[in-house]
Amino acid sequence: MKLLLEISLYFSQFCVVLAMLLCMLRLLKGPTAQDRVLALDTIWMCAMLFALLLGISFASLVYFEWAMLIALTGFVSSVALAKFLMRGEIIE
Amino acid sequence: MTLLLLLLLPFLGCVIAACMPAYARNREAWFAAFIALCGLLLTLSLYPEVSSGIVIKHELAWLPMFNLNLVLRMDGLAWLFSVLIQGICLLVVLYARYYMSPKDPVPRFFAFLLAFMGAMQGVVISGNLIQLVMFWELTSLTSFLLIGYWHHRADARRGARMAFTVTSIGGLCLLAGVLLLGYIAGSYDLDAVLASADVIRAHQAYAPALLLIALGALTKSAQFPFHFWLPHAMAAPTPVSAYLHSATMVKAGIFLLMRLWPVLAGTPEWTWIIGTAGVCTMLIGAYLAIFQHDLKGLLAYSTISHLGLITCLLGIGTPLAMVAAIFHTLNHAIFKASLFMAVGIIDHESGTRDMRKLSGLSRLMPYTATLAIVASAAMAGVPLLNGFLSKEMFFAEALLVGASTNWWMSAAAVLMGVFGVAYSMRFISVFFGARATELPKQPHEPPRWMRFPVELLVLCCLIVGVAPQLSIGVPLQTAAASVLGERLPDYNLAIWHGINTPLIMSVLAFALGILLFKVLKYRFNLLQSIHIPVLYRFNGKQAYESSMLILASSAARLERLFSTRRLQPQLFLLVLAGLFASALMLQAMPDFKHAWSVDNVNLPFAMLWLVGCTCAVCAAWQAKYHRLAALMLVGGTGIVTSLTFLWLSAPDLALTQLMVETVTTVLLLLGLRWLPSRISARKMNLVASNRDKLRRSRDLVIAIIAGSVMFVISYFVLLHPANFTISNFFLDNAVPGGGGTNVVNVLLVDFRNFDTLGEITVLSIVALTVYALLRRFRPAQESIGIPAQQANQVDPASRQTPAEQANSGYLLIPGIYLRLLLPVIGISAAYFFMRGHNLPGGGFIAGLVFAVGMIIQYMLAGTVWIESRLKLNPHRWIAVGIGLACFTGLGSLLLGYPFLTTHTAHVTVPLLGEIHLPSAFIFDLGVFAVVVGTTMLILIALAHQSVRSHRVPGAQQDNSTAASREIR
Amino acid sequence: MMQIPADIPAWLAIIVALLLICGSLITLVGTLGLLRLPHFYQRIHGPAITITFGAGCFLLASMLYFTALQERPVIHELLITAFIMLTAPVTAMLLMRTAVYRDLRNGRRIADMATDPQPVTGLSATAGAKSSGLMEEPRDRNPE
Amino acid sequence: MELTIALSIGVLFSSGIWLILRPRSFQVITGLLLLSYAVNLFIFITGRLSVNKPPLIIQGEAVDPALYADPLPQALVLTAIVIGFATTALYLVVLLGSRGLTGTDHVDGKERDSEE
Amino acid sequence: MMYLNPHLMMLPILLPLLAGATMVFINERHHRLKFLINLSSTAVMLFTAIQLLMQAQSGLWPADMAVYLAANWSAPFGIALVADRLAAVMLILTATLGAATLVFSYSRWSKTGVHFHTLFQLLLMGINGAILTADLFNLFVFFEVMLAASYGLLLHGYNISRIRAGMQYIVVNLVASLFFLIGIALVYAATGTLNFADLALKIATLDNTDRFILQTGAAILAVAFLTKSAMWPLSFWLPVTYSAACAPVAAMLVLLTKIGVYVILRLWWLLFSDHSGASAGFGGSVLLCGGLLTLAFGAVGLLASQEPRRIASFSAIISSGTLLALIGYGDAALLSSALFYLISSTLAVAAFIMLTELTDRIYTPAASVLALSMEAFAVEEDPQETAGVVVPAAMAFLGLTFAACALIMAGLPPLSGFVAKFSILHGLLDSSAAHAPLWARWLILTLLLVAGLSAIIALMRFGVRTFWTLYNSVPLRLHPTEALPILAILLLGVSMVFTAGPLFSLLDRVSTDLQQTPAYIERVLQHQVISTEEVL
Amino acid sequence: MTRWLPSPLLSLALLLLWLMLNQTLEPAHLLLGAALAIAAPLLTAPLRPFKARIRRPGAVLRLFCWSFLEIIRSCFNVSRIILFSKADNLNSQFIKIPLSLQDPTGLAVLSCLINCTPGTVWVEILQDTHELSLHVFDLHDENWWIDTIKHRYESPLMTIFEQEVP
Ligand code: NA
Ligand code: NA
C-alpha cells in the first residue's frame, strides 16, 4: 500500500510539474500579455499543488503554509499584472 | 638654541608679516628688515665659534625609528651661506621698500620672502639629509610663490610654474638620491654620511645615488639642460630676482654639491656628470646672454653661465677648485645682486628694461650708471674687482685639468670669458650712446635709500677685489676647511700672481670679448636682431608648455585607453576578475566520474528546474524589448526557486522568497509605468553593427563561461562532504538557549540577531533613500501623461476616479473580495509572526504578508482614497521598528548582559497556563515593523508619482498623443 | 525520497492515491487546455479546472491523509479552499476584462462577439464599427 | 538533485551575467534579479542538500544534526534575499530617475553612437 | 585609568543607529535640531573611539584587544566584535572625518534634501560596524549598510550627473556584493565557520580540497573588496562617483574606499599569515601587482585630470594603489608607514574635495578654457602692470588651504604627506625580510615618486588656474562652517608632522598586533560569555 | 455592541481562521484569536465601506450545494472538451444577462460562483444597463444560461442579501 501511494505521489508530482512545463510554454509563446499572465498565474497554482504533494510525500505539515500563502497572496501579482495591462498603472 | 632661533625667526616673521594690512609698505619693510637683521646678527654672533672650526649642532628628537631627528648644524660653509642669505635679504628688503609700488599688496610679498629666507636658511643649516630635502622643497615652493607674485600676469604664472615643475622634479630625484645615500650610509645624519664617504663611493648604489642627487642639484642651479626655467623666473619682481638668482635659490644646488662634495666627488662619474653639465651650462648661458634684449634676461643667462662656472669648478674635483667655487659663489652673489638691483632701478625709473630702447642712461642717472658699470666689470672679471680673482682661480684649475690631454677645458674657460666680456659690454652699452627719447618714463636717479644696497654691494666688490685676504680670507678658509677638512690646500688670495697662464687667458678673453662685441654690434646688428644664432630654435617657454600639454594629453589618452567611464566594460572586467578568481578552483578538480550517474537526478525536480532555467534564459532574451514578458518570466524562475527552497528543507526561505516575489513584481510594475516603451530594432529597421554583434557574442561567451564555472563550483561543493560546521551548535542550543524550535528563526533573532539588526537598517536606509529620491523624481517626458489605456474612451473606467472605480465601477465586485481580504491577511500576518520562533514564519514574512495586504488595498482604490481614510505613516513604522529592536538589545545591558542578549520571561496566567515571552519576540516585532514600513514606504512613494504627475497641467493635452501610442 | 509510513491503512492509501491521480490528471488537462486552445478567451477556461477540481482533489487527499495519520481532524486545508475561492475569481475577472478592453482599444474584432449585433459594452460601439474581418491573434510584442 | 541544482545555478548565473552586461537599465535589473536567485541558491547549497529535514527541532529528543538541514546558510540566504530586495528597489528608482532626467534608459545615462 | 564599561564598544554602532532612527521622526523643518543630534552623536563617537584607543594602549585588555560577544553567544557561534588598536585608529579617523564633513554640510547640503542626517548617521554606523566586526557575514551586512547609505547620500541633491554616477556606482557595488556573498558561501563551504579567528585557526589544518575551496572563496571576496578599494581595473567607477557626489558625501566616499583597504589589510594578515600553513602569503603577489598597476593608473589619470574632483579621485586611487601594493609587499615593518599614509591621504583628499566645492564658486568653465588655451600657445600678455592684486581674505584662505592639501596629497614637505611618503620609501629601502622580489621594491619606490610628481603637476596646474588666473566679480562668500572643518583637517595634517614620533610608535604597535595571529585567535575564541552567575 | 463588534460574522470567521491556522482550541489561542478577530475588523473598517447582511442561512447552504455540483459537472465538461473536441467546433461566446440583484456583496458571491464554475468567466457588469457580461466556453443555448443564472443563482442571492424578492 505504501508503494501504491508512493507511485501515485510520484505520478502526481510528475503530472503537476509537467503541467508547469506546459504553462511555461504558454508563458513563452504568449502571444498576448494576458496569456502570459494567465500562464504565470497557473504556474503559481501548480506550485501550490506541488507543495501539497510534498506535504503528503513527507507526511509533514511544514509544507502547508507555503501553499496557503500562495492561495492567499499568489493572486496579487496576477492582479497587478492584469491591472497594469488594463490601466497602464497598478496604483492610481 | 641660536640655530633654532635663526631657523624659526623667518617663519615667525612670515606669519606676522602676512597678517599686516594690505598697503602697510613701510611697516612691512621695516619689520622684514628687522627680521633679516636679527638673523644676520645671530649669524655673525656665531662667527667666533665657527671660525675656530667648531661645528655647532642642535638636535631635536622627531622620528627616532627612522633615524630621523631634526639636526641643526652650522659649520664654516653654512655660516658663509647664512651670511649671504641674511645679508642680501636685508638689502633686498630695503631695496624692495622703494621698488614695490604703493599699490602692491606687500604683506604677501614680504611674508613669502621671509618664508623663502627661512627655507633657504634651513637648507644650509640642516644636519640631516632628509631635513635638507624638506627645506629644499620648501625653497621651491616659496620661490614659486615669489615668482608668481604678480600672478595676474601670464608670464609670472608661467615662470613660476616652470620653475616649480623643474625644481620639484629635481627635488623628488634628490629625495630618492638622499634616501639611497642614507641607505648606504645607514643614517641620514650629515656627519654620519660624511664619515662614510669611502663606503659610499665604493657601494654599487653610488652611481644611481650620485645621478639622482646631481639631478636635484643641477635642476635647482639651472644647469644645462634644465636651465630654461631661470630666464622665465625673471617675471618676478626685481627684488625677488636679485635675491633668488644671486645668493639663494640657485645657489642651493651649488651648496648641496659642496655639502656632499667630500662624499660624492673624486670619482670619474662625478667629474663627468658635474663637470660636463657645468661646462655646457657656462658656455650656453654666456652665449645666450649676449643676445638678450631684456636687461634681466641678460643677467639671467649670465647667472646661468656663472653657475655653470661654479659647477664646473666643483666638477673638477680638486680641493683648490673647491675653494675657488666657494669664492666665486660669494663673489657672484655680491655682484649679481647689485646688478639685478641696478636693473631694477633702471626699470623702475625708465619704465622699460629693453636694451633696444635704452641708451645714454649715464647722463640721466650717472650715479646708478657708475655702480652698474663697476658691478658688471666685476661680472666680466676686470682686475681689482672680486670677479677677477675667482675667475683667475678658475682658469688656473681649468688649466690643471686640461693641462695635457683635455685641452678643451681651458678652451671652454677662455670662451666663456670671451662671452662674459661680450655680454658685460652689451650690458653697459645702455649707459652710453645717445640719450633715449621714447621711454615710458623720464629716467632719473632713484631715491637715496633705494640705491644704498647697490652701493654697499659694489663697495664689497671693490673691497674684496682689492684686499681679498683681508676682507674675506678667514671666512673663506673656514668655509673651505669645513668642506675639505684636512685636504685644505694652501692658496694665496693675492691680486697679483705674476704673469702666468691664467692671466694670459684673461687678457686673451678680454681682447677677444671686446672684439666679439664690436663685430656682433656692427656687423650683425646685435642690438636689434631678433634671432639668436645657432640656438634660436630652442624656445624654453613654448617647449615647456608644449611638453606639459603633450604630457597631459598623452596621459589623457593613456587614461582613456586603460579606463572607461561606461558601466558595461566595468561590469565586464568585474566578471572577468571573478572568473580569474574562480580559476583557482581548477587546481582542485575532483574527479566527476561517479557524479554523472543518473540516479542522482530526480525527474520532477529536474523538470521543475527545466521550467526555472527556461524562464531565466528567456527572460534574458526578452528583457530588452519585452520588459513585461521578461518580468513574468523572472517570476517563473522565482516561484521555482521558492519551491526548491521548500523542497530542500528551507521552509522559512521558501516563504520569504514567495512574498518577496510578489512584492518585487508589484514594485517593478510600479516602475514600468515610468519606462516608456522600447521600439524594437527590427521595427526601426536598425541592423546591429558588427561591433555590436561582436560584443554580444563576447558577452555571451563570458556569460556561458561564468555560468559553467558557477556550475562546476556548485557541483564541486555539493559533492564534497561538509566537515564539522558551527551549525551543530545552533541545532543543539536553539531550544535550550534560544527558546525556539525553528533554528533559522532563532538564528535570526537570537544567535545572529546582530546581522538582522544590520539588515533592517539596510532596509530602512533604502526606503528612506527611495523616498528622498522620489520626492524630486522627474519622469520621462513620454510617460508624463496619463497612460494610454486610461486615456482611451473605450473603457468607461477612463472617466472615473480610482475611488469611483472601486466603489461603483468595474472594481466594485473584485473590491468586495479584496476588502474582505485585508483583515484575513492581517490575521495571517499575525499568525506567521507568532509562530516564527518555533515554526516557519517570523517578522520578515509577517511583515511582507501584511504589506502585501495593504498594497492590495492601494491597488484597488488608489492612493487618494486610501490615504483619506487611513494614514499609515511608514516612516514611523521604520523608526519605531529600529527603536524596538535596539531597545530590546539595550534592555539586556541593564541586566548586565551584552547587547541583544535574549531573555525569556515565563509568565503563568491562571486560565492560559505558562506563557513564554522571549525578548526575541519584541526584537522580531521590530523587524516586522521595519519590513512593513520599508515595503510600504517604497511602494507608496512610487505609487504617489502617478498622483503627482496627473496634477501636471500639460498632461491632459498629451492625451491625443498618448492615445495614439496605445499598445498593440 | 518519500516518507510514507509503512503501516498506512489500505483504504486510505487507495482513496488518497485515487484523489491524487484524479487531481493531477485534471491539472494536466487544465494546463493542456491553456497550451492548446487557440484563443485567450478559450484558454482562460483551462486553468479553471486546475484551480477548482485539481486543487479540490489534492486538498481532500491531504485532509484525509493527515487526519488519518495524525488521528485528529486536520481540516486546515479548508483554508486554502476558502482563500482560493476568495482570490481566484478576482484574477479571472480582472484578466478577462483586461483582455476584452485591450482588444477593444486596439480596434480588434472579437470573433466571439461577431454573432452578437450588440457590442459587449456600452461604449464599444466605436470598436464594433472598426471591426471587420476575422479575429487574428495579436502579436503582443510590446505590452508595456 | 545535486546535478540539477548545480546546473540550474549555472544557467541562472549565465543569464544574469549576460543581462548585466547589456546596455539597457531594465536588462540590468532583470540580470540582478536572476543573479540574486543564483547566488542565494549557491549560498543555500553550501549547507548541502537535504530533503525533508527542515531545521525545526523536534522537542524532547536528543538533537541529531544528521536529521536537520544546516540552518546557518538558510539564515544567511534569508538576509541576502531581503537585502537583495531592498537594493533592487533602490536600483529601480534610480533607473527611473535616470530615464527621466537623461531621457534614455541606457545604463550610462547617454546613448552611444552605435548601440544596440 | 578608570575601568571602562565593556559595552562601550557597541556605542559606535548603536549610537548612530539610534540617532538615525530618532531623526526619522523629526521634520526636516527642524534642520538645526537634526544637525545638533547628528553632531553630538558623531562627537560621542569620536570620544568613544579615543577612549577605546586609550584602553587598548593602557594594557588593561588582554592581548590589548577588547572582544564583544553580541547576544552573549561565544565565538565562533555568535557574532564577535573586536576592538584593537587598528580598529580604534580607524574609528577615530571615521569619526573625525564624519564630524568635519558634517559641519561642512551644515550650510548647504544638509538642508537640500530629506533624510540627509539619518543617512549620514547610518553611513557612520555601517563604517564603524565594518571596522569592528570579526565575522565574515556580519561584515557583509555592515558593508551593505555602509553602501546603502552611500547610495542614498551619493544621490543626495539629485541631478543628472549624480544619477548617472549613481547608476554606475550602485550596479558595480551590487555585483561586487554578489561576489562578496559567493565568497562567503565558499569560505563557509570549506571551513564551516564565519568568525575571523576561527577561520584563521582552521585554515592551517584544512585538507587540500577544502583549502582550494577556501582560497577560491578568498579570491572572490578579494574581487569584492578590491572593487570597493578601487584597484585597477576595478576602479573606474570612482572618478565618476567622486565627481558627481556633493562635497561632504564625496569626502566620506574617500573613507569608504579606505574601509575596503582596511578589510583587506585585516583579513589578509589574519588569514594568510605565516601561521596559515600552506596558504601563507596567498594572493600577495596579486595585491602587489594590482597595487602597482593602480598606482601607475592613478598617476597617469592624475596627469590627465583637469577638473578638481578628478584630481581628488585619482589621488584616492593612488593612495589605494600604494596601500594595496604595500600590503601585498608583505613586509610587516611597512604597515605602520602604510597606516600613517592612509590617515594622512584620506584626510587630505577629503579636505581637498570639500575645498573643491568652494573653489567651484570661483572657477568657471569658460575661464578655465581660456586659461588652458593661453597656456597651450604660450601667449604673451603685455606685462606692463607691475602692481599686484589684493587677494581677499576668503581667497587667501582658500589658497592657503589648497596649498596645504596639495602638499599633503603630493607628499611634499613639510606636511604629513611627506612624512608618510618618506617613511614608506625608507621602509622599502630598509626592508630586508620581505617575501616580495627585489624589483617590487624599486618599482614601488619609482612609482611613488612618479605619482608624487604627477600630483605636483596636476595640482599646480589646477591651483594656478584657480587662484591665480580668475576672479569672480562677486566677492566670494565663505561660511565659517565650511571653512572650519577644512582648516581643522589640515591642522590635523600639520600636527601629524609634529606628533609623528608618538604616532609612529602607536602604528608600530598596530602592525605588531596584526602579526600576532595566534594571540588574536586565542583572545577571540577564549572570550567567555557572561554567565547567569556572573550577573547575579 | 456594534461599536466594538461592527461585523460579528466577519469576526467569527476570523476567529475560525485563527483557530484553523493554529489547529488548536487552547484557551490561550481562543483568547488571542478573539482579540485579533475583534481588532482586525475595527482597524480595517475605514477601508471597507460596504457592509454585508446575510438573512437566510438556509438559502446559502442550498445555493452552495447546487453550485458545488454544477462546478463538478462543468469541470468534466471542460476537460472533455479540451481533450476530445476540436477547437473549431467550440462555440465560445460572450453573452449578456440582465441582472436585478443590486447588492454588491450578492454580486460578489455571484461572481465567485460563476468564476469557480469552469467554463464561464465573468467579464463585468455593464453599468448603463446593469447587465452581466459573461464569457461561456462552449455555448449551446444562450437562454439556458440566462435562465440558470437568473433562477439558480440570482434569486437565492437576492433572498440572502436583499430585503424584498422581486
Ligand atoms: Na523565521
Ligand atoms: Na469559471
**Prompt:** Can you check side chain to side chain contact (heavy atoms under 4.5 Å, CB included) on D/Leu12 and B/Trp609, steps first, answer last?
**Reply:** CA-CA 10 Å; D/Leu12 295 191; B/Trp609 271 105; 3.9 Å; yes

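- Heavy-atom pairs under 4.5 Å with chain D were tallied for B/Phe844, B/Phe751, B/Phe572; the largest tally goes to B/Phe844.
- When the candidates B/Ser708, B/Ala734, B/Ala703, B/Gly638 are compared by the number of heavy-atom contacts under 4.5 Å with chain D, B/Ala703 comes out ahead.
- Side chains of B/Leu748 and D/Thr79 form a contact here, defined as non-hydrogen atoms less than 4.5 Å apart.
- Closest non-hydrogen pair, B/Ala630 versus D/Phe26, comes out as CB-CE2, 4.4 Å.
- At least one side-chain heavy atom of B/Arg627 sits less than 4.5 Å from a side-chain heavy atom of D/Asp105.
- Residue B/Pro569 does not touch chain D at all, counting heavy-atom pairs closer than 4.5 Å.
- Taking 4.5 Å as the limit, every side-chain heavy atom of B/Val743 sits out of range of all side-chain heavy atoms of D/Leu56.
- Most heavy-atom pairs under 4.5 Å with chain D, from the set B/Val575, B/Thr637, B/Leu773: that is B/Thr637.
- The side-chain heavy atoms of D/Ile5 and B/Leu718, taken from C-beta on, include a pair separated by under 4.5 Å.
- Between B/Val746 and D/Ile57, every side-chain heavy-atom pair lies at or beyond the 4.5 Å cut-off.
- Residues B/Arg695 and D/Arg22 approach most closely at O-NH2, 4.4 Å, considering heavy atoms.
- Counting heavy-atom pairs closer than 4.5 Å to chain D, the top residue among B/Val663, B/Leu574, B/Val766, B/Leu774 is B/Val766.
- Remark: the backbone N or O of D/Lys53 is paired with a side-chain donor or acceptor of B/Ser649 at under 3.5 angstrom.
- Within the 4.5 angstrom heavy-atom criterion, only side-chain atoms of B/Phe777, from C-beta onward, approach chain D.
- Judged by distance alone, the side chain of D/Arg48 and the main-chain N or O of B/Val717 form a donor-acceptor pair under 3.5 Å.
- The parts of B/Val634 that come within reach of chain D are both its backbone and its side chain, each placing non-hydrogen atoms under 4.5 angstrom from that chain.
- Contacts of D/Phe42 classified as ring pair (Phe, Tyr, Trp, His ring centres under 6.0 Å), with partners at least two apart in sequence or in another chain: none.
- The contact between B/Ile726 and chain D is made entirely by side chain atoms (from C-beta outward), counting heavy-atom distances below 4.5 Å.
- Contact of B/Arg752 with chain D is made through the side chain alone, with heavy-atom distances under 4.5 Å.
- For the pair B/Asn602/D/Thr4, no side-chain contact is recorded, criterion being any heavy-atom separation below 4.5 Å from C-beta on.
- Closest approach of B/Leu763 and D/Ala86 over heavy atoms only: CD2-CB, 3.7 Å.
- By number of non-hydrogen pairs under 4.5 angstrom with chain D, the leading residue of B/Leu653, B/Thr641, B/Thr935, B/Leu567 is B/Leu653.
- The greatest number of non-hydrogen atom pairs below 4.5 Å with chain D, out of B/Ile702, B/Leu670, B/Leu700, is found for B/Leu700.
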